[in-house]
Amino acid sequence: MEQNLLEFQSNAPISAKGYAAFGKEWKFHPYNFMRHSVGDNDVLIEILYAGICHSDLHTIKGEHGPANHPMIPGHEIAGRIVAVGSKVRKFKVGDYAGVGCMVNSCGECETCKRSEEQFCTRGQTVFTYNSKDVFHNGEISQGGYSSNIVLSEKFAFKLPKNVAIEKVAPLLCAGITTYSPIKYSKVKKGQKVAVAGLGGLGHMAAKYMVALGAEVSAFDILDKSKEAQKLGIKHFIQVDSQEFNTLSNKFDFIISTIPYQYDINAYHKMLKMYGELAIVGLPSHEDNPKLDANAMIWGFKRKIYSSLIGGVSQTQEMLDYSIKNNIYPEVEIIPIQKLEEAYKKVAAGEANFRYVIDMKSLS
Ligand code: NDP
Ligand code: ZN
């Protein structure tokens, strides 16, 4: 293996280019910047494809905490290894690799040791963009709408040669964020389950639960009944329909991916006894849905919990499972010059599930 490694000798910073938002509006401009050098345990990845997640829309606006501009969003990344540090063993030059929402963490605290690095108790999780990188002099990380990325090999994921490279990127966030709670709640064959918000995350949740043999329902504002049918979803319900208000004690599991204000108590009521509601949608503070504790207490022993992406080892497990079973997102590939148009569609719930930027369009 040793002779396959191309050691990257230079300590020089890496030049990169991408599209950045310079303020809280969804406006992008080309931006040249430097990434930190390739350390002994780091890999340099040429980015081939990057997905657009609704979190990118929130983050630019400062809805998920303070926004640092110029900001290059993007935490659904698929690319090719172009250089490796001297101690890297997991990858060699030419391999495909994926990057998700994190690029580093302390690795030593209890949660990191359990591979839940997104919750590093030392507060040292470095998210892929808009995050302070304590391991590199506090620089602010920049994401995947760009030519390349440098990160610790531990946070880069292995992708096989036969992967559908143009479709795989959204698994790195939409995939793991839904796979993780579906596993945690042990969704299984024959259960009645539902997805609230049939967008990028929601359609991945549906695909996983259909694959597990559950009977899947889905809720959305717009009429997505045709798309739902193609995904193997049995029942599609518009949230302003009569039917919506008649549903109670129906589901073993519901996953909510809704990014705006909504009536969370309505979904709680739809759970059966001991049913579970997993919240992954992350609205802004102003839009935060309010739980009615009183109604919860009178309404069976149902469980509600939240979930944030997934750790490194579960992300690799999800990738291996998805690729082996041919579970990929529905994607529309766009050139980077169409970012602003794509953002408007995502905000309106009109995206064809996931936009993926073809990074060839950068040059
Ligand atoms: P999308 O925009 O792709 O999907 C959201 C879907 O919700 C759309 O189909 C939208 O369509 C629908 N929707 C909006 N309002 C309602 C409503 N009131 N009732 C039912 N459906 C509704 O977003 P993503 O899937 O990319 O992301 C979803 C959320 O998840 C975001 O808030 C994002 O930040 C968060 N997220 C959380 C993560 C975590 O780790 N917990 C990780 C990644 C993302 P329409 O407007 O037509 O109804
Ligand atoms: Zn995301």
Side-chain angles (χ1 to χ4, degrees), residues 15-35 45-80 98-101 103 127-131 140-149 165-175 177 197 199-204 222 257 259-260 281-284 328-363:
S15 68
K17 58 183 176 179
Y19 267 45
F22 284 73
K24 288 190 175 181
E25 281 176 291
W26 296 326
K27 294 215 171 307
F28 295 91
H29 300 283
Y31 180 54
N32 294 325
F33 64 107
M34 302 304 285
R35 294 199 181 269
I45 299 175
E46 174 198 2
I47 299 177
L48 301 174
Y49 294 96
I52 300 175
C53 175
H54 204 117
S55 290
D56 302 345
L57 280 71
H58 292 301
T59 309
I60 289 174
K61 284 194 166 179
E63 291 177 349
H64 285 175
N68 297 282
H69 301 106
M71 179 195 298
I72 298 188
H75 57 205
E76 296 183 336
I77 297 169
R80 190 183 289 118
V99 181
C101 301
V103 291
F127 292 97
T128 305
Y129 66 90
N130 194 44
S131 184
I140 300 297
S141 57
Q142 297 286 14
Y145 303 177
S146 61
S147 52
N148 60 37
I149 189 162
I165 192 73
E166 72 290 355
K167 291 202 275 190
V168 75
L171 294 180
L172 275 306
C173 176
T177 303
L201 267 58
H203 92 295
M204 285 312 304
L222 300 177
T257 74
Y260 306 116
L282 251 175
S284 66
Y328 285 100
E330 301 300 307
V331 303
E332 183 174 336
I333 310 227
I334 56 162
I336 200 157
Q337 294 75 13
K338 292 235 163 123
L339 262 181
E340 292 174 14
E341 215 174 288
Y343 265 54
K344 282 187 200 138
K345 292 248 178 160
V346 175
E350 290 167 4
N352 201 2
F353 294 117
R354 218 31 155 199
Y355 285 108
V356 169
I357 308 160
D358 181 350
M359 224 43 81
K360 278 200 296 294
S361 57
L362 244 186
S363 44

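Scope of the values below: all heavy atoms of this structure, side chains included, with no hydrogens, waters or symmetry mates.
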Sorted by chain and number, sequence neighbours left out, ring pair (Phe, Tyr, Trp, His ring centres under 6.0 Å) with Phe353 holds for His203

Inset, instruction - Mind running side-chain contact (heavy atoms from CB on, under 4.5 Å) on Arg354 and Glu330 for me, showing each step along the way? - result: CA-CA 6 Å; Arg354 218 31 155 199; Glu330 301 300 307; over 6 Å; no

| query | Around atom CD of Glu46, are there more than 12 heavy atoms of other residues, nucleotides or ligands at under 6.0 Å? | reply | yes

Closest heavy-atom pair, Gly144 versus Met359, reported as atoms and distance to 0.1 Å, is O-CE, 3.4 Å

Could you pull out all donor-acceptor pairs under 3.5 Å where a side-chain atom in residues 53-65 meets a protein atom, sequence neighbours excluded?
residue: His54; atom: NE2; partner: Tyr260; partner atom: OH; Å: 3.3
residue: Asp56; atom: OD1; partner: Tyr129; partner atom: OH; Å: 2.6
residue: Asp56; atom: OD2; partner: Cys53; partner atom: N; Å: 3.2
residue: Asp56; atom: OD2; partner: Tyr145; partner atom: OH; Å: 2.7
residue: His58; atom: ND1; partner: Glu63; partner atom: OE1; Å: 2.8
residue: His58; atom: NE2; partner: Leu282; partner atom: O; Å: 3.3
residue: Thr59; atom: OG1; partner: Ser55; partner atom: O; Å: 2.5
residue: His64; atom: NE2; partner: Leu282; partner atom: O; Å: 2.9

**Study point:** Any Ile357 side-chain heavy atom under 4.5 Å of Ile52 side chain
**Key:** yes

Tested for side chain to side chain contact (heavy atoms under 4.5 Å, CB included) against Ile77, the lone hit among Leu172, Thr128, Asn148 is Thr128

Go through it in stages, so that I can follow the logic: the residues are Lys338 and Tyr355, the test is side-chain contact (heavy atoms from CB on, under 4.5 Å), and I'd like the CA-CA distance, side-chain angles, deciding distance and then a yes or no. CA-CA 10 Å; Lys338 292 235 163 123; Tyr355 285 108; over 6 Å; no

- Check for a donor-acceptor pair, side chain of Gln142 on one end and backbone N or O of Pro70 on the other, with a separation under 3.5 Å. yes

Value for CD (Glu340) from CZ (Phe28), rounded to nearest 0.5 Å, stands at 7.0 Å

**Prompt:** Is there a donor-acceptor contact under 3.5 Å from the side chain of Thr177 to the main chain of Ala174?
**Reply:** no

Take Lys17 and Asn32 through the side-chain contact (heavy atoms from CB on, under 4.5 Å) test and state the conclusion after the steps.
CA-CA 4 Å; Lys17 58 183 176 179; Asn32 294 325; 3.1 Å; yes

Tightest non-hydrogen contact, residues Gly18 and Leu362, listed as CA-CD2, 4.2 Å

query: Within the distance-only criterion (no hydrogens, no angle test), does the side chain of Asn130 pair as donor or acceptor with the backbone N or O of Asn68 below 3.5 angstrom?
result: yes

Those residues at least two apart in sequence (or on a different chain) that pass salt bridge (charged side-chain N to carboxylate O under 4.0 Å, His left out) with Glu166 are none

CD1 of Ile165 to CZ of Arg80, rounded to nearest 0.5 Å, is 8.0 Å

request  = Say whether, by atom type as modelled, one donor and one acceptor occur between the side chain of Thr257 and the main chain of Gly197 under 3.5 angstrom.
outcome  = yes

Only one of Ser147, Ser146, Ser141 passes side-chain hydrogen bond (donor to acceptor under 3.5 Å, both in side chains) with Arg35, and that residue is Ser146

Worksheet item: Heavy-atom distance under 4.5 Å between the side chains of Pro329 and Leu171, does that happen here?
Response: yes

Q. Stepwise, does the side-chain contact (heavy atoms from CB on, under 4.5 Å) test hold for Tyr49 with Val168?
A. CA-CA 9 Å; Tyr49 294 96; Val168 75; over 6 Å; no

- Query: Any sub-3.5 Å donor-acceptor pair from His69's side-chain atoms to Gly23's backbone N or O?
  - Reply: yes

